[in-house]
Amino acid sequence: MKYWIISNNNNLVNYFLKSGVSRIFLDLEKLGKNKRQKGKNLWISDHKKKDIKSLRKIVPKGELLVRLNPWNQESFKEIDYAIKNGADLLMLPMINNLDEIKKFCDHTNFRAKVVPLIETSESIKFIEKINEIKNIEEIYIGLNDLKISMGYKFLFEPLINGLLDYSAEILNEKKISWGFGGIARIHEGIIPPELILNEHIRLNSKNVILSRSFHNCAKDLETLNLKFNFAEELKQISNLYYKNKKNSIIEQKEKHDLLKKLIKKQIEIN
C-alpha cells in the first residue's frame, strides 16, 4: 500500500517521507472548488505553483504528484509549468467528458504520468474508456466530490452500493494501479480505519490518502509533535493493513458486513 499525504511544507514533507509516506500530493486545484464545496466543511488548499520547485528538491523521483485545476483554457500552460518545475505525476480533477482527459494526456505526452481523479457522476460512467487512454497507469477515486456529484448522503456509500466494486473489477482487470478516499488515524473517524483498510484489501486498492487527522493541518513539525507521534500512528495503520491482508475471505466478508451496518446507520442519520 502506498500512503499519500497532501502538504507543501518542506520540513513536514521531509518528516513525512522519513516516517513512511510514499507520495507527496501538492494541491493546486482552485477553479470552482469554493463554490462546489461551500458548506461541506471540506479543506481548501492554499498551495502555490512555486511549491512544485521547492518540493522537487526533497521528494524522491517519481513520487511528486500535482493536482491541477479542472480542464480549462489555461490547462496546457498549467501542465507545462508543472512538468518544467519537476512534477512526476499530474492529476486532473472534475472530469466531465472523455475529451478532457484525452486532451490532457495528449499534451502531457508521456513527460509525466497522468492520474485521472474520478469524482463526478460523468467520469465514473466512462471509467472503462479512460483506462484505454495511453499514459494512464493509475487512477484515483475521490469520494468527497463524488458524494456531492452523485447526491449521496454519506461519504463511504459507494463501498456498499456496488459502485466501487464495479470500478474495482474494471481497474483490476486492466491491471491499473488505483486507490480511493482517505483514511484516518487509529481510533479516529466515523468508520473505524480497520474496516476501511479491509475494503482496500478486498477491492485490491493500492493507494490511499492520509486524512487531515494525520497532521491536523499542522503548520510546522513542532506543532505536529505536540499533538501526537505521526510516525507511530502511520506505523500502526501499516501494521493493521498487513494484519488484515492475512484474513480469510470469510473474515473479510464479516468485516464488510459490519461496514455495511455502520454505513447504513450513517445514511439514516443524514
Side-chain angles (χ1 to χ4, degrees), residues 4 6 25 27-45 65 67-71 89-98 100-101 104 114-131 133 136 138-172 174 176-184 189-191 193 195-200 202-213 256 259-260 262-270:
W4 304 9
I6 300 174
F25 186 136
D27 187 7
L28 300 182
E29 182 187 2
K30 300 289 189 298
L31 290 181
K33 198 164 187 177
N34 277 308
K35 181 179 180 181
R36 188 172 72 247
Q37 298 186 351
K38 185 178 181 180
K40 301 293 191 299
N41 194 30
L42 298 176
W43 177 75
I44 303 295
S45 166
L65 181 145
R67 174 161 63 185
L68 300 177
N69 280 308
W71 184 257
L89 305 100
L90 299 180
M91 177 177 277
L92 179 65
M94 300 306 295
I95 303 167
N96 290 306
N97 60 70
L98 201 58
E100 291 175 352
I101 187 63
F104 192 92
V114 175
V115 183
L117 181 57
I118 305 301
E119 55 180 348
T120 64
S121 57
E122 292 83 7
S123 61
I124 201 78
K125 292 174 184 175
F126 52 73
I127 193 170
E128 187 168 11
K129 292 183 178 179
I130 288 177
N131 290 340
I133 300 172
I136 292 179
E138 294 187 30
I139 280 180
Y140 205 87
I141 300 176
L143 299 186
N144 281 320
D145 277 300
L146 189 62
K147 171 180 175 285
I148 298 170
S149 181
M150 300 292 286
Y152 293 149
K153 291 185 176 181
F154 185 57
L155 181 72
F156 290 113
E157 204 167 328
L159 286 171
I160 66 169
N161 65 11
L163 192 66
L164 277 189
D165 287 75
Y166 159 78
S167 302
E169 184 177 354
I170 291 171
L171 296 168
N172 292 332
K174 298 288 185 179
I176 298 286
S177 178
W178 70 286
F180 69 87
I183 194 162
I190 297 174
I191 304 297
L195 297 183
I196 301 299
L197 286 173
N198 182 69
E199 292 301 290
H200 281 276
R202 183 180 72 84
L203 297 169
N204 197 33
S205 160
K206 301 298 184 185
N207 302 280
V208 68
I209 296 171
L210 301 177
S211 71
R212 279 180 290 168
S213 79
H256 181 66
L259 180 84
K260 279 184 178 180
L262 294 177
I263 291 177
K264 285 179 179 178
K265 183 177 180 181
Q266 289 300 316
I267 292 172
E268 289 173 3
I269 293 173
N270 295 326

* To do: Give the C-alpha distance, both sets of side-chain angles, the deciding distance and a yes or no for side-chain contact (heavy atoms from CB on, under 4.5 Å) between L146 and F180.
  => CA-CA 11 Å; L146 189 62; F180 69 87; over 6 Å; no

* To do: Check step by step if side-chain contact (heavy atoms from CB on, under 4.5 Å) holds for F156 and L259.
  => CA-CA 9 Å; F156 290 113; L259 180 84; 5.9 Å; no

* Under the side-chain contact (heavy atoms from CB on, under 4.5 Å) criterion, do W71 and N97 qualify, and how do the steps go? -> CA-CA 10 Å; W71 184 257; N97 60 70; over 6 Å; no

* Determine, stepwise, if the pair L92 / V114 fulfils side-chain contact (heavy atoms from CB on, under 4.5 Å). => CA-CA 8 Å; L92 179 65; V114 175; 5.6 Å; no

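K206 and N204 share a donor-acceptor pair across their side chains, judged by distance under 3.5 Å alone.
One finds the CD1 atom of I141 at 4.0 Å from the OG atom of S167 (value rounded to the nearest 0.5 Å). Note: I170 CD1 to N131 CG = 7.0 Å, rounded to the nearest 0.5 Å. Between the CD1 atom of I6 and the CG atom of D27 there is a distance of 5.5 Å, given to the nearest 0.5 Å. From L262, atom CG reaches atom CZ of F154 across 8.5 Å, with rounding to the nearest 0.5 Å. Distance check, rounded to the nearest 0.5 Å: CG of L117 to OG of S123 gives 7.5 Å. Distance check: I191 CD1 to E199 CD gives 10.5 Å after rounding to the nearest 0.5 Å.
Counting only distance, with no hydrogens or angles, the side chain of N69 and the backbone of L31 share a donor-acceptor pair below 3.5 Å. When atom types are taken as modelled, the side chain of N172 and the backbone of L203 share a donor-acceptor pair closer than 3.5 angstrom. When atom types are taken as modelled, the side chain of T120 and the backbone of I95 share a donor-acceptor pair closer than 3.5 angstrom. Formation of a donor-acceptor pair under 3.5 Å by the S211 side chain with backbone atoms of I183 is found in this model. With hydrogens and angles ignored, the 3.5 Å screen pairs no side-chain donor or acceptor of Y140 with any backbone N or O of M91. Checking side-chain atoms of N207 against main-chain N and O of W178 turns up a donor-acceptor pair under 3.5 Å.
For the residue pair E157 and I263, the shortest heavy atom distance occurs at CA-CG2, 4.1 Å. In plain terms, the two heavy atoms of S205 and G179 that are nearest each other are OG-CA, 3.3 Å. In this structure, G142 and E119 approach most closely via the heavy-atom pair O-CB, 3.6 Å. The minimum heavy-atom distance between A184 and P193, with the atom names listed, is O-CG, 3.5 Å. Annotation for E29 and M94: closest pair OE2-CG, 3.9 Å, computed over non-hydrogen atoms. Nearest heavy atom pair, residue Y166 against residue I124, reads CE2-O, 4.0 Å.
D165 is listed as a side-chain neighbour of R202, based on a closest heavy-atom distance under 4.5 Å.
A salt bridge is defined here as a Lys NZ or Arg NE, NH1 or NH2 lying under 4.0 Å from an Asp or Glu carboxylate O, and E268 with K265 fails to meet this definition.
Under a cut-off of 6.0 angstrom, the local environment of CD in E128 is sparse, with at most 12 non-hydrogen atoms contributed by other residues, nucleotides or ligands.
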